[in-house]
Each structure stands twice: as structure tokens, then as C-alpha cells.
Amino acid sequence: GQNSDIFIQSINSNAAPTQKIQLQGNAGDFLDWAPQAVALSNNTFAINWHGESSDEQGTDIFTQFFAYEDDILVPIDIA
């Protein structure tokens, strides 16, 4: 199979790239697709996407939350 990863990139006020983060679904040779961004409050946002399940018999939906602080993307652990 092929691996298709999803990344997010931040830019500063001068439109210069500052950071690139790979979204964390299942690791390995799985396909990820259809990312969607949702703006939340207080400079936070969520990214949702579809990915193959670990048994490759179906798909799962993944979500990661981030804060944007001083031109830096900060992953938010909601566990």
C-alpha cells in the first residue's frame, strides 16, 4: 500500500512559514484523507480527517486540537 500523511503549516505575519506538523492518526502504511479545519475560541482550532483503521478493514475519524501562540502551533492534549 501507499502512505498518505496530512500536515498543517503555520505562517507568521510576514507570510513566512514557521512550522510544519504531521497529523497523528495510525502510524504505518495507512491512507489519510479529507482533512477539515474548525476554528474554536481563544486561538485554538481542530483538524478532523479520515484514515484507514489499524486492521485495514474500515476507516476511522481522527481529531487533533491545536493552539496558536506567538507564531507557534501547540498541540493540545485533551485526554
For [X] against [Y], the heavy-atom pair lying closest together:
X: Y68; Y: S10; value: CE1-CB, 3.5 Å
X: A67; Y: I76; value: N-CD1, 3.7 Å
X: L73; Y: Q19; value: N-OE1, 2.6 Å

Next item on the list: Taking atom CD of Q9 as the centre, report whether more than 12 heavy atoms of other residues, nucleotides or ligands fall under 6.0 Å from it.
Entry: yes
Item checked: For T59, all residues meeting side chain to side chain contact (heavy atoms under 4.5 Å, CB included), sequence neighbours excluded -> W33
With a 4.5 Å cut-off on side-chain heavy atoms, are [Y] and [X] touching?
X: W49; Y: Q64; value: yes
X: D32; Y: D5; value: yes
X: V74; Y: F66; value: no
X: I11; Y: T18; value: no
X: I47; Y: L23; value: yes

Next item on the list: Would you kindly confirm whether V38 and I78 end up in one hydrophobic cluster when ILVMFWY residues are joined by side chain heavy atoms under 4.5 Å apart?
Entry: yes
Next item on the list: Treat each ILVMFWY residue as a node, draw an edge where side-chain heavy atoms are under 4.5 Å apart, and state whether F62 and I6 are in one component.
Entry: yes
Next item on the list: Report the distance from atom CD1 of I61 to atom CG of N48, rounding to the nearest 0.5 Å.
Entry: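 Answer rounded to 0.5 Å: 8.0 Å.
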Checklist line | Donor-acceptor pair, side chain of N42 and main chain of T44, under 3.5 angstrom | finding: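 Side chain of N42 to backbone of T44, a donor-acceptor pair under 3.5 Å: no, none is there.
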